[in-house]
Structure formats: structure tokens, C-alpha cells
Amino acid sequence: MGDILTRIIELPAGVSAMTVVDENGDYNIYINASLTREAADRALQHEMEHIRQGHFDTDKPVAECEKEAEGKKS
Ligand SMILES: [Zn+2]
């Protein structure tokens with residue numbers, strides 16, 4: 001539980017990454033295989049920030065979560 005697994009898979013254009021919490025409570029980050037190395041790194045950091053900030057266990061509006069995930073990026 002609380003583990004983070006990252007996989008590079010084919011995703012629709014326009015979706016850079018997504019995170020799914022599975023039945024074990026682990027975080028599965030999927031990164032779009034068509035991204036450049038830099039974009040993939042950025043997408044990964046973004047998803048990690050969502051996890052760090054507990055966005056998968058909150059009633060906070062999505063827009064606010066997105067702002068927080070972006071704001072904390074270096
Ligand atoms: Zn996001």
C-alpha cells in the first residue's frame with residue numbers, strides 16, 4: 001500500500017499521464033509513450049505531486065488540485 005508504480009504505455013494524444021489507485025492502495029502512474037523524455041519527466045513530477053499532496057484522498061476540486069500540482073513543481 002502506498003507504493004508507486006510507473007509504466008510507460010500508449011495513451012490518447014493530449015493525455016500526458018494519469019494515475020490510478022488500485023485495490024491495494026498503490027499508485028499506478030501511466031505515462032504516455034509518445035512524450036519526449038523531458039515531457040515525460042515533467043508529467044511524472046506532476047503526478048508525483050498529486051500523490052504527495054494527497055489529492056487521491058480529498059474532496060478538493062480538481063481545478064485546485066491541478067493548481068497545487070503545478071505550483072509545487074520546480
Ligand atoms: Zn494533474
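As the structure lists them, so they are numbered: ligands from 1, and atoms in each ligand from 1.
- For the Zn ion (ligand 1), the set of nearby N, O or S atoms under 2.8 Å includes one belonging to H46.
- The distance from the Zn ion (ligand 1) to the nearest N/O/S atom of E66 is under 2.8 Å.
- Smallest separation of non-hydrogen atoms from I31 and A40: CG2-CB, 3.9 Å.
- Partner H46 forms a side-chain hydrogen bond (donor to acceptor under 3.5 Å, both in side chains) with one of E49, H50, R42 and no other, that one being H50.
- Between the side chain of N28 and the backbone N or O of L5 there is no donor-acceptor pair closer than 3.5 Å.
- For the Zn ion (ligand 1), the set of nearby N, O or S atoms under 2.8 Å includes none belonging to C65.
- Looking only at distances, no side-chain donor or acceptor of D3 sits under 3.5 Å from a matching main-chain atom of D26.
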